[in-house]
Amino acid sequence: MEYHREEVACNGLLFNNIYIEPSLQLSDADHKGFNQLMEQLTEEFTMPEPSDIVLKSLLQLFLAKSSRVKNRELDSTAYVSQRDDEMERFKELLEIHYLNLRKPSDYADLLIMAPNTLTKRCTKYFKKTPSQLITERLIVEAKKQLHLTRKTIKEIAYALNFQDEFYFSRVFKKHTNESPQTFRDKTGISIVADLYR
């Protein structure tokens, strides 16, 4: 995803998007194509010396095809006809203010809407409550910072406006079932982190 951002176009579409379902509806033809790709990946993995280039190419193809299917799904008339402009506005506001506004009532005020109305419409539209979306947005940002920067846990907690690193760690663990340090140890620090030193 880091190297082939343009080609696979999946970040924010298949991954790291709290607003849409992270799954695909496959047609029979799509299913057949993905099965063939999986067979090729499996075959390459079972080689005595799998080729890095072949595996990366197959994975890139898999992600690009997945992005195309997801875009087709989102462009369908069923999705467009359900659009709720107020909830799209909530989404925009959340992207702008998630570091500072942590309560659904804050967003309800900005939308000039009763908090209960926001909760009902948000749950219907996104299949998640405003509180869930606010927390998930913070967690996505925390994961990005843990993977894409060399900041300490304390620096990340401060950047995300948590009162201290211990509270940040508790919130992160509650929603991911692992501590920030465990997450970082498992995913590693990306080479991209060195570009922003």
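Counting from 1, the numbers follow the sequence of the chain as shown.
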Cluster overlap Tyr158 with Phe183, hydrophobic side-chain contacts below 4.5 Å: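 Hydrophobic grouping puts Tyr158 apart from Phe183.
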Hydrophobic cluster membership, Tyr167 vs Leu160, 4.5 Å side-chain cutoff: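 The answer is yes; both residues are in one hydrophobic cluster.
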Give a yes or no on whether the backbone of [Y] and the side-chain of [X] come within a donor-acceptor separation of less than 3.5 Å.
X	Y	value
Thr46	Glu43	yes
Tyr125	Glu86	no
His147	Gly188	yes

How long is the span from the [atom1] atom in [X] to the [atom2] atom in [Y], to the nearest 0.5 Å?
X	Y	atom1	atom2	answer
Asp164	Ile153	CG	CD1	13.0 Å
Thr123	Leu118	OG1	CG	8.5 Å
Leu138	Leu99	CG	CG	6.5 Å
Gln40	Leu61	CD	CG	8.0 Å
Glu95	Lys91	CD	NZ	8.0 Å
Glu136	Thr129	CD	OG1	8.5 Å

Given side chains that start at C-beta, do those of [X] and [Y] come closer than 4.5 Å, heavy atoms only?
X	Y	result
Lys151	Leu146	no
Lys143	Thr176	yes
Pro104	Ser131	yes

Worked verdict on Cys122 versus Lys128 for side chain to side chain contact (heavy atoms under 4.5 Å, CB included): CA-CA 7 Å; Cys122 185; Lys128 296 176 184 177; 5.7 Å; no
Criterion side chain to side chain contact (heavy atoms under 4.5 Å, CB included) on Leu110 and His97, from CA distance to verdict: CA-CA 11 Å; Leu110 290 174; His97 300 290; 4.0 Å; yes
Salt bridge present between Glu141 and Arg137 (N-O < 4.0 angstrom): yes
Worked verdict on Gln132 versus Phe126 for side chain to side chain contact (heavy atoms under 4.5 Å, CB included): CA-CA 10 Å; Gln132 286 173 306; Phe126 295 116; over 6 Å; no
Heavy-atom pair with the smallest gap, counting every atom of [X] and [Y]:
X	Y	answer
Phe172	Pro180	CD2-N, 3.6 Å
Arg184	Thr149	NH2-O, 3.0 Å
Arg121	Asp84	NH2-OD1, 2.9 Å
Pro50	Glu44	CB-O, 3.3 Å
Ala108	Ala114	CB-C, 4.1 Å
Leu58	Leu41	CB-CD2, 3.7 Å

Trace of the side chain to side chain donor-acceptor pair (under 3.5 Å) decision for Asn35 with Glu39: CA-CA 6 Å; Asn35 272 343; Glu39 286 171 10; 6.0 Å; no
His175 atom NE2, over 12 foreign heavy atoms within 6.0 Å: yes
Mutual orientation of the aromatic rings belonging to Phe34 and Phe62 [parallel < 30°, tilted 30-60°, perpendicular > 60°]: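 Ring orientation of Phe34 relative to Phe62: perpendicular.
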